[in-house]
Amino acid sequence: MGVVNVTPDSFSDGGAWFTPQDAVAHGRDLVVAGADLLDVGGESTRPGAQRPSAAEELRRVLPVIEALREVAPVSVDTMRAEVAAAALDAGAVVVNDVSGGLADPEMGALVAERGVPFIAMHWRAHSTVMQSFAVYDDVVADVSRELMARVEALTGAGVAAENIVLDPGFGFAKKAEHNWELLRRLDEVMALGHRLLVGTSRKTFLGHVGRTPDAVRPPLDRDVATAVTTAHVARLGVWAVRVHDVVSTIDTLDVVDALRGAHE
């Protein structure tokens with residue numbers, strides 16, 4: 001899953017693809033590089049980010065989705081049912097909701113009605129306050145329990161269980177030690193029985209690993225660290241990885257396949 005941020009303030013590449021023309025060109029480049037799915041989002045969810053209006057989010061994503069649907073399957077990255085509905089009408093085929101349907105009570109009914117895959121991420125609060133919720137007894141057990149609560153609520157709203165993809169929410173209401181523990185024990189999250197999306201790409205905890213506090217890697221220098229986490233989760237058999245740099249990801253997945261003997 002290649003990331004197409006149509007935002008001025010995303011943590012990794014905010015502003016780089018903010019105009020529809022630039023975002024579409026970037027999406028096409030990601031497909032050429034090997035992306036199977038393009039994730040188009042108009043709201044930054046970095047820590048501290050302020051939400052745009054629904055009208056502004058729609059203005060950002062709809063022309064990009066309409067253009068990119070011709071080159072690859074498109075998912076819409078949104079927490080608003082209104083935006084998800086318009087995006088599906090514009091040609092998106094997957095809804096990727098970082099709140100797992102918690103931010104908008106209408107989301108479950110919409111996804112059930114449309115019958116599309118729904119990615120439900122582990123989420124506790126909006127970006128402005130989410131890190132104050134990074135408190136766990138056992139992060140893997142707690143995340144697993146809260147994800148299954150979302151599955152129960154979504155299926156109760158009519159969403160088909162086979163359409164639910166789970167995402168443990170790396171970096172969302174989680175400190176570095178929580179992210180690393182989730183990665184070490186990701187097989188326990190996979191045992192919940194749903195396909196899994198992993199999004200570690202360029203996250204802050206990768207910038208800190210092996211560095212002193214005053215020498216943190218900037219986001220664009222985290223692709224090697226991202227690739228290592230991709231190799232780890234790919235060997236476990238996750239459904240997809242959400243990444244900014246598709247080229248290094250394809251190389252990584254090719255190596256994982258070769259180690260499995262897929263090319264013999």
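Note that these values count all heavy atoms, side chains included, but never hydrogens, waters or copies made by symmetry. All figures in this text were calculated on a predicted structure; none of them were measured in a lab.
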Q | Side chains of V140 and R184 in contact at under 4.5 Å (non-hydrogen atoms) | A | no
Q: Examine I119 and L182 and state if one hydrophobic cluster contains both, with Ile, Leu, Val, Met, Phe, Trp and Tyr joined whenever side-chain heavy atoms are less than 4.5 Å apart.
A: no
Q) Got a salt bridge between R60 and E56, using NZ or NE/NH1/NH2 to carboxylate O under 4.0 Å? A) yes
Q: Go through W123 and D97 one step at a time and tell me if the side chain to side chain contact (heavy atoms under 4.5 Å, CB included) criterion holds.
A: CA-CA 10 Å; W123 184 89; D97 182 349; over 6 Å; no
Q. Please walk me through it: do T252 and V241 pass side chain to side chain contact (heavy atoms under 4.5 Å, CB included)?
A. CA-CA 11 Å; T252 300; V241 286; over 6 Å; no
Q | V165 vs V94 side-chain heavy atoms within contact, under 4.5 Å | A | no
(Q) Measuring from atom CE of M79 to atom NE2 of H126, what distance do you get when rounded to the nearest 0.5 angstrom? (A) 5.5 Å
Q) Is a donor on one side and an acceptor on the other found under 3.5 Å between the side chain of R28 and the backbone of V71? A) no
Donor-acceptor list for residues 152-159 side chains, cut-off 3.5 Å, not counting sequence neighbours:
residue, atom, partner, partner atom, Å
T155, OG1, V151, O, 2.9
T155, OG1, E152, O, 3.1

Q. Are any of the side-chain heavy atoms of E181 and H178 separated by less than 4.5 Å?
A. no
Q.
Would the distance check show the side chain of R124 and the main-chain N or O of A173 forming a donor-acceptor pair, the cut-off being under 3.5 Å?
A. no
Q) Taking side chain as C-beta onward, heavy atoms only, is V64 less than 4.5 Å from V24? A) yes
**Q.** NZ/NE/NH1/NH2 to OD/OE distance under 4.0 Å, R242 and D77
**A.** yes
Q) Under 3.5 Å, is there a donor-acceptor pair between the side chain of D104 and the main chain of E106? A) yes
Q | Test salt bridge (charged side-chain N to carboxylate O under 4.0 Å, His left out) applied to D137 and R145, step by step | A | CA-CA 12 Å; D137 292 325; R145 183 180 64 256; over 6 Å; no
Q: Under the side chain to side chain contact (heavy atoms under 4.5 Å, CB included) rule, what do V116 and V93 come out as? Steps first, then yes or no, please.
A: CA-CA 6 Å; V116 295; V93 295; 5.8 Å; no
Q | Non-hydrogen side-chain atoms of N163 and V111 separated by less than 4.5 Å | A | no
**Q.** Short side-chain to backbone donor-acceptor contact, R150 and G100, under 3.5 Å
**A.** yes
Q | Smallest separation among heavy atoms of V246 and A35, with atom names | A | CG1-N, 3.5 Å
Q) Using the ring of each side chain (for Trp, its six-membered ring), is W180 parallel, tilted or perpendicular to F205, with breaks at 30° and 60°? A) perpendicular
Q) Do you see a donor-acceptor pair shorter than 3.5 Å between the side chains of T78 and E57? A) yes
**Q.** same_hphob_cluster(M121, V139) at 4.5 Å side-chain heavy-atom cutoff
**A.** no
Q. Roughly how far, to the nearest 0.5 Å, is the CG atom of L30 from the CG atom of D36?
A. 11.5 Å
Q: Please check if atom CG in D187 has more than 12 non-hydrogen atoms from other residues, nucleotides or ligands closer than 6.0 Å.
A: yes
Q. With a 4.5 Å heavy-atom cut-off, do M107 and V95 have their side chains touching?
A. yes
Q | Main-chain N/O of M1 paired with D39 side-chain donor or acceptor, under 3.5 Å | A | no
Q. Is there side-chain contact between Q50 and T128, with at least one heavy-atom pair below 4.5 Å?
A. yes
Q | Distance, nearest 0.5 Å, that separates CG of D167 from CG of L147 | A | 8.0 Å
Q) Quick one: does H122's side chain have a donor or acceptor within less than 3.5 Å of a partner on G169's backbone? A) no
**Q.** Note, K203 side chain near K174 side chain (heavy atom, < 4.5 Å)
**A.** no
Q: Enumerate the residue pairs fulfilling side chain to side chain donor-acceptor pair (under 3.5 Å) with a member in residues 208-217, sequence neighbours excluded, ordered by first and then second residue.
A: T212-D214
Q | Atom pair CG/CG of L206 and D221 - distance to nearest 0.5 Å | A | 12.5 Å
Q) Checking side chain to side chain contact (heavy atoms under 4.5 Å, CB included) for the pair L166/V189: CA distance, chi angles, key distance, verdict? A) CA-CA 9 Å; L166 299 180; V189 184; 5.6 Å; no
(Q) Hydrophobic cluster membership, with links at side-chain heavy-atom distances under 4.5 Å among I/L/V/M/F/W/Y: are V3 and F172 in one? (A) no
Show me the side-chain donor-acceptor pairs of residues 225-234 shorter than 3.5 Å, one per line, residues at least two apart or across chains.
residue, atom, partner, partner atom, Å
T226, OG1, R202, N, 3.0
T226, OG1, R222, O, 2.8
T229, OG1, T200, OG1, 2.8
T229, OG1, T226, O, 2.6
T230, OG1, T226, O, 3.1
H232, NE2, L183, O, 2.7

